[in-house]
Amino acid sequence: DSWVIYKDKQQEEFKGNVSYDNGVYTFRADYALSERAQNRFTAKGNVYVKQAEPGAPVYEAYADYARYNYKTQKGILTAAKKNTIRLIYQEGAEPPVTAHAQKAEFNLADGVFVLEGDVRVERPAPEGLQTLTAQKAEFIQPKNHLTLSGGAELSDSQRTLVADTIIYD
């Protein structure tokens, strides 16, 4: 609804019904601030981000707040009280993996994702839908390595595993 450019600060501020779609990247929010001097982009309110590069996995995120540094490729997503962020990962025609948490920090350059606060991940598996819960989950994508900690639980239709820490490789 509103777009203000601050040349001296190298900033652009967007308010109300903010959206961007180039076919690969889709973005929506109530508010966004682009800070070019800091290589940083901040969004607030009903944040939605989707990355759908041809031939690559599709990433989607829903949050109340997001900040991303496009030089370092590091970012954070957070939820307002009583809300959760939602992350969706889908590779090709495979069923999606969905995660919920209060906060997610990520480093796209290294493929590291850390989710905190009432983490819940649902993923398809040969045994049926797996549900993973914990207070913290750290996923290192290049190694396909997941560590759940703090009241960790992994369950499917056949079994339930409960421990303080679960390492899933």
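Taking CG from Leu146 and CD1 from Ile166, the interatomic distance works out to 9.0 Å, rounded to the nearest 0.5 Å. Once rounded to the nearest 0.5 Å, the distance linking CD of Glu153 with CG of Leu148 reads 10.5 Å. Here CG of Asp30 is found 4.5 Å from CG of Asn46. Values are rounded to the nearest 0.5 Å. Note that OG of Ser34 is 12.5 Å distant from OH of Tyr6, once rounded to the nearest 0.5 Å. Here the CG-OG distance, from Leu132 to Ser155, works out to 7.5 Å after rounding to the nearest 0.5 Å. The OG1 atom of Thr78 sits 10.0 Å away from atom CD of Glu105, with the distance rounded to the nearest 0.5 Å.
Nearest heavy atoms, Arg123 versus Tyr168: NH1-OH, 2.9 Å. A pairwise comparison of heavy atoms in Thr98 and His100 identifies CG2-NE2, 3.8 Å as the closest pair. Taking both residues in full, the closest heavy atoms of Ser149 and Ala134 are given as O-CB, 3.5 Å, listed atom of the first, atom of the second, then distance. Of all heavy-atom pairs spanning Lys103 and Ile85, the tightest one is C-CD1, 3.8 Å. Between Asp169 and Asn144, the shortest heavy-atom contact is OD1-O, 3.4 Å. In terms of heavy-atom proximity, Val4 sits nearest to Ser2 at CG2-OG, 4.0 Å.
Cluster annotation: Leu87 and Ile76 are assigned to distinct hydrophobic clusters (Ile/Leu/Val/Met/Phe/Trp/Tyr, side-chain heavy-atom contacts under 4.5 Å, transitive). Both Phe27 and Val24 are members of a single hydrophobic cluster when ILVMFWY side chains are connected at heavy-atom separations under 4.5 Å. Put simply, Leu108 and Ile88 are part of two different groups of oily side chains (I, L, V, M, F, W, Y) that touch within less than 4.5 Å, one to the next. No single ILVMFWY cluster, assembled from side-chain heavy atoms under 4.5 Å apart, contains both Tyr31 and Phe41. Tracing side-chain contacts under 4.5 Å through hydrophobic residues (I, L, V, M, F, W, Y), one reaches Leu161 starting from Phe139; they form part of the same cluster.
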What verdict does the side chain to side chain contact (heavy atoms under 4.5 Å, CB included) test give for Thr26 and Arg28, after you've listed the backbone C-alpha separation in whole Å, the side-chain angles of each residue and the deciding distance to 0.1 Å? CA-CA 7 Å; Thr26 303; Arg28 291 189 302 268; 4.1 Å; yes

Test Arg40 against Arg67 for side chain to side chain contact (heavy atoms under 4.5 Å, CB included), laying out the working first. CA-CA 7 Å; Arg40 186 170 57 205; Arg67 178 171 274 174; 3.3 Å; yes

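Defined by atom type and a distance below 3.5 Å, a donor-acceptor pair is present between the side-chain atoms of Glu53 and Gln51. A donor atom on one side chain and an acceptor atom on the other are not found under 3.5 Å apart for Asp118 and Gln102. With 3.5 Å as the limit, one finds a donor-acceptor pair spanning the side chains of Asn22 and Tyr20. Using modelled atom types, one finds no donor on one side chain facing an acceptor on the other under 3.5 Å when comparing Thr133 with Arg120. A donor and an acceptor atom, one from each side chain of Gln73 and Tyr68, are nowhere located under 3.5 Å apart.
Salt bridge annotation for Arg36-Glu12: present, with a cationic side-chain nitrogen under 4.0 angstrom from a carboxylate oxygen. Salt bridge absent: Glu138 and Lys136 never bring a charged side-chain N and a carboxylate O closer than 4.0 Å.
Counting heavy atoms from C-beta on, the side chains of Glu122 and Gln130 never come closer than 4.5 Å. Counting only heavy atoms from C-beta outward, the side chains of Val58 and Pro96 never approach each other to under 4.5 Å.
Tyr59 and Phe113 have parallel rings, their planes meeting at less than 30° on a 0 to 90° scale where 60° marks the start of perpendicular.
Remark: side-chain polar atoms of Asp156 are not paired, donor with acceptor, to backbone N or O of Ala125 under 3.5 angstrom. Judged purely by atom type and a 3.5 angstrom limit, Asp64 uses its side chain to pair as donor or acceptor with the backbone of Ala80.
Taking the six-membered ring for Trp, Tyr48 and Tyr62 have ring centres closer than 6.0 Å.
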